[in-house]
Enquirer: 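The following block contains the structure, expressed as structure tokens.
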Amino acid sequence: MKIAVEGCCHGELDKIYETIGYLEKKESIKVDLLLCCGDFQAVRNEGDMNCMAVPLKYRMMQTFYKYYSGEKKAPVLTVFIGGNHEASNHLQELPYGGWVAPNIYYLGYAGVVRYKGIRIGGVSGIFKSHDYRRGHHEFPPYDRSTLRSVYHVRNIEVFKLKQIQMPIDIFMSHDWPRGIYHHGCTAELLRKKKFLRQEVESNSLGSPAAEELLAHLQPKYWFSAHLHVKFAAVKQHPPKPNATPRVTKFLSLDKCLPHRDFLQIVDVAERPGSSEGLEYDPEWLAILKATNSLQSTDPHPWNPPENNGLHERWDFRPSEAAMMQVAKEFSGELAIPDNFSQTVQPYDPKGPKQHASLSWNTNPQTTELCATLGLTDLYAHALQGGGNLSRIQAGAAGDDADDDCGESADERGEYPTDTSGFSRSYNPDEITIEDEWEEEEGTEEVEGSCDLKSSVRGENPPDGPAGEVQTPGRMVLPAPKSDTSDPSPLMNLPPPSHSTPAVAARSGAEREEPCKDKDDVADDDDDDDASALATLKRTSDEAEAPGSKGTTPRIKRRNQVIYTTVEGDDE
């Protein structure tokens with residue numbers, strides 16, 4: 001089946017769906033599923049915008065409200081995780097996941113679902129070490145601190161995901177697993193994002209929690225966003241006892257802007273005889289049920305139970321009987337019900353409210369799921385003035401709620417060498433983007449760069465009439481950097497796909513050739529087959545060649561901005 005993968009959405013749903021529609025028509029394909037890797041911005045009304053950690057001048061309604069109100073319906077099933085620019089009051093209604101609009105599903109703080117037999121998991125937010133061990137204590141109305149910390153990943157979610165034993169096909173995170181950049185063309189990454197050099201060389205870029213999950217889950221595919229750059233890698237995992245060595249194919253994508261690699265179509269084999277719709281995953285539901293007593297809405301640091309003699313139970317991996325019991329509680333029907341319902345009044349463009357009040361409500365979807373499985377609705381618990389949901393675990397540190405700059409002297413982090421939570425790299429791409437700003441891609445070589453022989457055939461658009469472009473047939477990822485030979489073929493990816501194709505050939509200064517490992521020699525036949533192919537690029541009306549009569553859809557360009565928060569949350 002065809003799965004479209006999107007980087008940072010930033011609320012541009014109309015443009016993303018238009019892109020998919022254009023590609024379906026252009027390539028004569030049908031996209032079955034859209035996966036979005038964070039910064040989705042499910043903003044329903046003006047009140048929700050006050051719950052996003054973005055400067056006031058960058059708070060824009062965008063287009064999600066149309067899908068929430070029913071004015072539009074998503075043309076393709078969409079599954080997404082949260083990033084660090086979200087309407088947190090909305091997503092917190094669905095801590096275990098749920099529909100935010102018809103045909104648009106949120107995975108929750110962490111989650112696993114099934115689609116056509118494919119297991120899809122994800123974790124929302126970004127990693128910050130000083131909040132990692134705390135409970136989900138942030139609830140509306142947020143203050144300056146909790147507005148940011150609410151989207152920070154917590155160890156309880158990582159602990160749940162580490163109980164998974166059955167293979168995962170696809171996993172999503174907003175920020176990258178730490179160290180993944182060493183398994184692709186690092187030189188090409190640093191050519192595009194020079195400011196990342198220090199963190200890459202010190203291996204402090206990315207999430208150590210995601211790195212740990214990558215080593216444990218070893219999914220076939222891992223998709224991310226956040227750094228606003230396209231980057232591919234292949235991770236060869238050390239073999240586990242009595243198991244075949246696994247390979248993870250990693251891909252990160254850009255944000256939805258003109259001339260950016262923000263969308264990719266990936267072919268994933270579905271499993272015969274599987275259900276057509278989105279389904280709950282019985283192993284994940286059993287894990288949620290088993291770990292419910294560990295949930296916390298307390299800001300005090302907390303350590304997951306370990307086999308150290310201090311905890312009565314530390315292994316929460318579900319048994320087959322536990323999974324069967326969960327299925328029985330759903331009467332054997334694991335299809336996720338279409339039970340979306342509005343919980344707030346959607347935005348009305350005809351009557352905008354300048355001073356909309358913040359609203360927060362429990363969500364009937366969460367109420368129904370909690371009643372079925374016996375889970376605790378964290379949102380309802382907090383709104384009722386509840387405190388800690390669990391027993392204080394032995395070995396937990398003291399109160400450091402006032403420490404918002406790092407770990408206190410009494411708090412020992414789970415990752416003693418971690419510095420990624422305090423990244424301060426200056427990222428000009430994250431700070432501000434003017435209306436007509438366009439990132440220039442240099443051609444200078446990076447010292448120690450890889451063999452820059454193109455592995456994406458026809459990277460540069462050919463000269464020709466506007467609107468007449470083709471797309472490369474596939475992209476070959478670099479080989480795993482491991483002495484162990486990879487028994488599985490590399491991922492054959494179709495072209496990076498965008499909203500509209502470029503209307504003219506890009507200049508030599510703008511062209512770039514992707515990295516290719518020296519040992520990965522291209523076949524001459526592939527060169528012949530792929531010659532004269534071009535990469536789709538989204539452009540604007542203003543860039544249309546005068547007098548062009550191409551058939552390419554023209555999407556009017558609106559203000560393109562990128563959001564930022566204070567104290568380095570976006571680096």
Side-chain angles (χ1 to χ4, degrees), residues 8-13 36 38-69 80-101 104 106-109 124-126 128 131 134-154 157 174 226 297 299 340-349 352-363 365-366 377-385 404 561-567 569-570:
C8 294
C9 298
H10 292 302
E12 297 281 12
L13 284 184
C36 299
D39 285 355
F40 189 80
Q41 295 183 199
V43 179
R44 303 164 294 183
N45 56 29
E46 297 91 339
D48 283 359
M49 283 198 292
N50 295 324
C51 296
M52 283 203 306
V54 298
L56 183 62
K57 63 179 179 179
Y58 293 139
R59 290 180 182 172
M60 303 172 66
M61 186 56 62
Q62 300 295 15
T63 57
F64 170 78
Y65 76 91
K66 299 177 183 178
Y67 300 87
Y68 182 78
S69 67
F80 75 97
I81 57 170
N84 58 313
H85 297 306
E86 305 289 1
S88 298
N89 63 321
H90 182 194
L91 298 189
Q92 278 198 294
E93 294 180 5
L94 301 164
Y96 308 111
W99 304 103
V100 297
I104 303 178
Y106 168 55
L107 278 180
Y109 288 132
S124 295
I126 61 173
K128 292 293 177 180
D131 287 319
R134 298 177 178 177
H136 291 288
H137 64 93
E138 304 91 348
F139 294 95
Y142 306 112
D143 58 29
R144 181 175 175 272
S145 175
T146 58
L147 186 65
R148 301 189 310 278
S149 67
V150 66
Y151 53 72
H152 293 163
V153 175
R154 304 304 156 89
E157 310 305 336
H174 187 57
H226 191 49
T297 55
F340 165 75
S341 62
Q342 295 181 7
T343 54
V344 300
Q345 188 69 27
Y347 170 71
D348 182 4
K353 300 176 182 178
Q354 297 295 330
H355 304 286
S357 59
L358 170 65
S359 60
W360 56 92
N361 305 275
T362 56
N363 195 295
Q365 297 178 72
T366 303
D377 187 340
L378 300 179
Y379 212 52
H381 181 83
L383 294 178
Q384 294 166 4
D404 197 38
V561 296
I562 189 59
Y563 307 96
T564 183
T565 62
V566 296
E567 298 190 7
D569 272 355
D570 289 342

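In what follows, residues are counted from 1 in the order of the sequence shown. If you're wondering where the values come from, they're calculated on a predicted model, not measured in any experiment.
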Enquirer: Among all residues two or more places apart in sequence or in another chain, which pass the side-chain hydrogen bond (donor to acceptor under 3.5 Å, both in side chains) test with Tyr379?
Expert: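 Scan of Tyr379 (side-chain hydrogen bond (donor to acceptor under 3.5 Å, both in side chains), adjacent residues dropped) gives none.
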Enquirer: Thr362 and Glu93: side chain to side chain contact (heavy atoms under 4.5 Å, CB included), yes or no, with the steps?
Expert: CA-CA 6 Å; Thr362 56; Glu93 294 180 5; over 6 Å; no
Enquirer: What closest approach, in Å, do Ser88 and Tyr142 show between heavy atoms, and which atom pair accounts for it?
Expert: C-OH, 3.4 Å
Enquirer: Show the numbers, then the answer: is there a salt bridge (charged side-chain N to carboxylate O under 4.0 Å, His left out) between Arg134 and Asp131?
Expert: CA-CA 5 Å; Arg134 298 177 178 177; Asp131 287 319; 3.1 Å; yes
Enquirer: Find the distance between CZ (Arg148) and NE2 (His152) and round it off to the nearest 0.5 Å.
Expert: 7.5 Å
Enquirer: Do the non-hydrogen side-chain atoms of Gln41 and Met49 ever get within less than 4.5 Å of each other?
Expert: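 No, every pair of side-chain atoms sits at 4.5 Å or beyond.
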Enquirer: How many angstroms lie between atom CG of Asn45 and atom OG of Ser69, to the nearest 0.5 angstrom?
Expert: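 Asn45 CG to Ser69 OG: 11.0 Å, rounded to 0.5 Å.
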Enquirer: Would you say Lys353 and Asp348 make side-chain contact, with heavy atoms under 4.5 Å?
Expert: no
Enquirer: His136 vs Tyr109 aromatic rings, parallel, tilted or perpendicular, using cut-offs 30° and 60°?
Expert: parallel
Enquirer: For residues Cys51 and Trp360, determine if any side-chain heavy atom of one lies less than 4.5 Å from a side-chain heavy atom of the other.
Expert: no
Enquirer: Taking all non-hydrogen atoms of both residues, which atom of Met52 and which atom of Arg59 are closest, and how far apart?
Expert: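 Closest heavy-atom pair between Met52 and Arg59: O-NH2, 3.4 Å.
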Enquirer: Output the distance between atom CG (Asp377) and atom OG1 (Thr366), rounded to the nearest 0.5 Å.
Expert: 5.5 Å
Enquirer: Ignoring hydrogens, what is the shortest heavy-atom contact between Gln92 and Pro140? Give both atom names and the distance.
Expert: OE1-CD, 4.0 Å
Enquirer: Nearest 0.5 Å please: distance from the CZ atom of Arg44 over to the CZ atom of Phe64.
Expert: 8.0 Å
Enquirer: Tell me if the centroids of the rings in Tyr106 and Tyr96 come within less than 6.0 Å of each other.
Expert: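 Between Tyr96 and Tyr106, which both carry aromatic rings, the centre distance is not below 6.0 Å.
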Enquirer: Could you tell me whether a side-chain N or O of Asp48 sits under 3.5 Å from a main-chain N or O of Asn89, the two making a donor and an acceptor?
Expert: no
Enquirer: If you round to the nearest 0.5 Å, how far is CG of Asn363 from CG of Leu94?
Expert: 4.5 Å
Enquirer: Begin with the C-alpha distance, continue with both residues' side-chain angles, and end with the deciding distance and a verdict on side chain to side chain contact (heavy atoms under 4.5 Å, CB included) for Thr146 and His137.
Expert: CA-CA 9 Å; Thr146 58; His137 64 93; 4.3 Å; yes
Enquirer: Indicate whether the side chain of Thr63 and that of Glu12 have a donor and an acceptor atom separated by less than 3.5 Å.
Expert: no
Enquirer: Counting only N and O atoms by type, is there a donor-acceptor contact under 3.5 Å from the side chain of Glu86 to the main-chain atoms of Gly83?
Expert: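 The answer is yes, because a donor-acceptor pair under 3.5 Å joins these two groups.
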Enquirer: When you compare the side chain of Leu13 with that of Ile104, does any pair of heavy atoms fall below 4.5 Å?
Expert: yes
Enquirer: Within the 4.5 Å heavy-atom criterion, are Val153 and Ile126 side-chain neighbours or not?
Expert: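 Result no, sub-4.5 Å side-chain heavy-atom pair not found.
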Enquirer: Run the numbers on Tyr68 and Val344 for side chain to side chain contact (heavy atoms under 4.5 Å, CB included), then give the verdict.
Expert: CA-CA 10 Å; Tyr68 182 78; Val344 300; 3.7 Å; yes
Enquirer: Please round to the nearest 0.5 Å and tell me the distance separating atom CD of Gln62 and atom SG of Cys9.
Expert: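 Between Gln62 CD and Cys9 SG, I get 11.0 Å after rounding to 0.5 Å.
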Enquirer: For Leu91 versus Ala42, what's the shortest heavy-atom pair and its separation?
Expert: CD2-CB, 4.5 Å
Enquirer: What is the minimum heavy-atom distance between Gly82 and His174, and which atoms define it?
Expert: O-CB, 3.9 Å
Enquirer: Say whether, by atom type as modelled, one donor and one acceptor occur between the side chain of Gln365 and the main chain of Phe340 under 3.5 angstrom.
Expert: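 A pair under 3.5 Å: no.
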Enquirer: If you compare all heavy atoms of Ile81 against all heavy atoms of Phe40, which two are closest, and at what distance to 0.1 Å?
Expert: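 Distance-wise, the nearest heavy atoms are O-CB, 4.5 Å.
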Enquirer: Under the ring pair (Phe, Tyr, Trp, His ring centres under 6.0 Å) rule, collect the residues that match up with Tyr347, sequence neighbours excluded.
Expert: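 For Tyr347 the ring pair (Phe, Tyr, Trp, His ring centres under 6.0 Å) partners, ignoring immediate neighbours, are Tyr65.
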